[in-house]
Amino acid sequence: MRQKDTNLHKIDWVTIGLYFALVFIGWLNIYAAVYDEQNATSIFDFSINSGKQLIWIGTAVILIIIIMVADYRLFHNLSLVLYAVFILILLLTPFIGKEINGQRAWFELGIFRLQPAEFTKFATALVLAKLMENPSFDLSKLKDQMKAVGLIFLPIALILLQPDTGTAMVYSAFFIMLYREGMPQKYYVIGLSLVGLTILTLAIENNLYLFGSIAALILLLIILSKKSWKNALGFLLLGCIMTAYALSLDYVVEKLPDHQQNRIMVLFDPGVDPLGVGWNVTQSKIAIGSGGLLGKGYLEGTQTKFDFVPEQHTDFIFCTLGEEFGWIGSLVMISLFVALLLRLVFLAERQKTRFSRIYGYCVVSLLFFHFTINIAMTIGLFPVVGIPLPFFSYGGSSLWSFTILLFIFIKLDSNRIQILGRSY
């Protein structure tokens with residue numbers, strides 16, 4: 001007799017418990033972010049964000065049930081179809097999507113909105129796992145590198161047409177998975193070097209100091225190379241490339257719209273845009289700092305009550321937690337996220353197939369990227385790019401997409417014994 005696909009004792013209930021804990025705490029904070037003491041309404045009121053989020057949570061549970069009762073092979077077999085469908089939707093979005101804040105990134109369904117780019121994440125994760133499960137696939141080969149990178153950059157390019165830079169940036173998280181699966185380290189060394197040079201270029205206003213620093217670095221490398229002329233010429237070429245990159249970066253930044261320039265420069269000087277992006281970050285840090293060790297208490301946040309922090313129920317939801325529950329509450333929430341990420345790494349490593357393991361690391365990479373960038377954004381360590389906090393921020397697209405992403409992996413993990421030795 002065939003064993004049923006849904007086997008309760010094989011489901012990882014630890015991960016599910018962490019998921020629901022984060023969703024519940026997030027829901028409480030969404031209510032706190034919109035709470036008005038003068039016109040207090042119930043957390044279950046469907047006319048406010050907490051009530052609407054409760055609907056999204058309820059429908060997310062339905063999605064979970066559908067995923068868990070479905071045949072685990074369905075996600076493998078439909079991976080390419082799902083990817084193609086969402087790529088087609090992304091192609092149409094700039095033309096038929098609803099424009100909000102200068103972006104055509106949404107489809108409006110009555111009082112609700114859905115963002116296709118959010119759902120393309122799990123489709124991209126599935127198709128990457130499908131591509132890379134082949135035993136002949138080798139990330140040390142250029143042609144295989146180009147195949148994987150091409151699947152990642154196609155949705156990035158289409159999302160940039162909306163334009164939605166923040167969401168497009170999230171897809172770079174897949175490179176964390178590629179590193180685990182054997183992408184050569186040289187690409188990451190080059191990438192991190194460019195990030196460091198970018199930060200220095202933006203932070204140092206006087207180009208004389210910047211170019212002096214580059215020259216000192218190149219001179220040090222030449223000395224350490226024991227005066228080898230071949231190496232010296234290579235380092236000199238490197239110095240020329242770094243200088244050209246710094247000059248071109250200055251040019252590109254100057255050509256950006258003012259609000260995008262301000263988002264970048266406010267990292268180094270909040271006074272650059274004191275009533276715009278600088279205001280958001282400054283007020284967010286005030287809210288978090290004012291919470292102290294234990295916080296002001298639930299629904300007692302003054303920054304929240306007087307709407308000092310814009311988008312406090314979405315991108316800046318973390319500052320609501322920091323103000324009302326303090327350092328302890330923030331530590332608890334961060335600990336839950338870290339526990340979830342570590343648990344997912346453990347699950348990914350115990351998979352019996354490359355498909356499940358690669359997909360698992362895609363899940364870890366996306367959640368880690370969102371979690372890290374969102375918190376860094378709210379405390380002023382990263383530009384404000386509109387990235388939600390997984391399971392916490394208000395929004396159906398975000399909750400649904402992360403729920404689907406996570407529970408497909410939980411489903412695959414619960415069937416890892418059946419998958420071993422069985423063809424799809």
Side-chain angles (χ1 to χ4, degrees), residues 3-25 60-61 63-79 82 121-133 137 139 148 170 173-183 333-372 389-392 399-422 424:
Q3 187 177 2
K4 291 184 178 180
D5 286 338
T6 302
N7 201 332
L8 293 178
H9 77 274
K10 292 180 181 177
I11 295 174
D12 189 69
W13 292 103
V14 173
T15 303
I16 293 177
L18 290 169
Y19 163 83
F20 278 106
L22 288 168
V23 170
F24 178 71
I25 298 172
V61 172
L63 289 174
I64 291 170
I65 295 172
I66 292 173
I67 291 171
M68 297 310 292
V69 300
D71 191 316
Y72 63 90
R73 290 164 291 197
L74 185 67
F75 308 111
H76 177 277
N77 296 335
L78 292 181
S79 56
L82 287 171
K121 295 172 189 174
F122 79 83
T124 304
L126 285 170
V127 80
L128 282 170
K130 172 78 171 179
L131 169 71
M132 297 171 60
E133 73 167 342
F137 187 90
L139 280 172
V170 169
F174 287 114
F175 284 90
I176 300 174
M177 175 276 295
L178 293 180
Y179 179 79
R180 163 61 181 83
E181 295 302 318
M183 182 70 90
M333 188 277 284
I334 291 173
S335 298
L336 287 172
F337 263 109
V338 171
L340 176 63
L341 291 170
L342 291 176
R343 184 66 182 177
L344 291 174
V345 169
F346 168 76
L347 297 184
E349 287 295 336
R350 77 177 184 181
Q351 297 309 301
K352 307 299 182 181
T353 66
R354 290 187 69 182
F355 177 84
S356 297
R357 185 186 72 239
I358 292 167
Y359 180 80
Y361 271 101
C362 287
V363 177
V364 174
S365 301
L366 287 168
L367 290 178
F368 172 77
F369 191 91
H370 268 272
F371 165 67
T372 305
L389 187 60
F391 315 122
F392 242 75
L399 180 62
W400 275 16
S401 64
F402 283 121
T403 298
I404 294 171
L405 179 77
L406 176 63
F407 277 86
I408 287 177
F409 182 49
I410 292 175
K411 175 65 176 181
L412 291 173
D413 176 71
S414 69
N415 287 274
R416 65 188 181 278
I417 304 301
Q418 296 184 49
I419 291 174
L420 182 62
R422 179 182 294 187
Y424 284 99

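Just so you know, these numbers come straight off a predicted model, no measurement behind them.
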So with a 6.0 Å cut-off around [atom1] of [X], is the heavy-atom count from everything else above 12?
| X | atom1 | answer |
| --- | --- | --- |
| Phe337 | CZ | yes |
| Phe20 | CZ | yes |
| Phe137 | CZ | yes |

Strictly below 4.0 Å, N to O, side chains only: are Arg357 and Glu133 in salt-bridge contact?
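No salt bridge links Arg357 with Glu133.
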State plainly whether the residues Lys10 and Asp413 are in salt-bridge range, i.e. N to O under 4.0 Å.
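Salt bridge: no.
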With a 4.5 Å limit on heavy-atom distance, are the side chains of [X] and [Y] in contact?
| X | Y | result |
| --- | --- | --- |
| His370 | Leu389 | no |
| Phe122 | Val363 | no |
| Ile410 | Tyr19 | no |

Closest non-hydrogen atom pair between [X] and [Y], with its separation:
| X | Y | value |
| --- | --- | --- |
| Asn415 | Lys411 | ND2-O, 3.0 Å |
| Ala148 | Leu178 | CB-CD2, 4.1 Å |
| Phe371 | Ile334 | CZ-CG2, 3.9 Å |
| Phe355 | Leu126 | CE1-O, 3.7 Å |
| Ser356 | Leu412 | OG-CB, 4.0 Å |
| Cys362 | Ala125 | CB-CB, 3.6 Å |

About how many Å separate [atom2] of [Y] and [atom1] of [X], when rounded to the nearest 0.5 Å?
| X | Y | atom1 | atom2 | result |
| --- | --- | --- | --- | --- |
| Leu128 | Met177 | CG | CE | 4.5 Å |
| Leu340 | Leu344 | CG | CG | 4.5 Å |
| Tyr179 | Ser365 | OH | OG | 12.5 Å |
| Phe391 | Ile25 | CZ | CD1 | 12.5 Å |
| Arg354 | Met132 | CZ | CE | 6.5 Å |
| Phe75 | Ile404 | CZ | CD1 | 9.5 Å |

Thr372 side chain to Phe369 main-chain N or O, any donor-acceptor pair under 3.5 Å?
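Checked: no pair found.
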Evaluate side chain to side chain donor-acceptor pair (under 3.5 Å) for Tyr361 paired with Gln351, printing each intermediate quantity in order.
CA-CA 11 Å; Tyr361 271 101; Gln351 297 309 301; over 6 Å; no
Where does the angle between the aromatic ring planes of Phe409 and Tyr359 fall among parallel (under 30°), tilted (30 to 60°) and perpendicular (over 60°)?
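Rings of Phe409 and Tyr359: tilted, 30 to 60°.
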Partners meeting salt bridge (Lys or Arg N to Asp or Glu O under 4.0 Å) with Arg343 (sequence neighbours left out):
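Counting only residues at least two positions away or on another chain, Arg343 forms a salt bridge (Lys or Arg N to Asp or Glu O under 4.0 Å) with Asp12.
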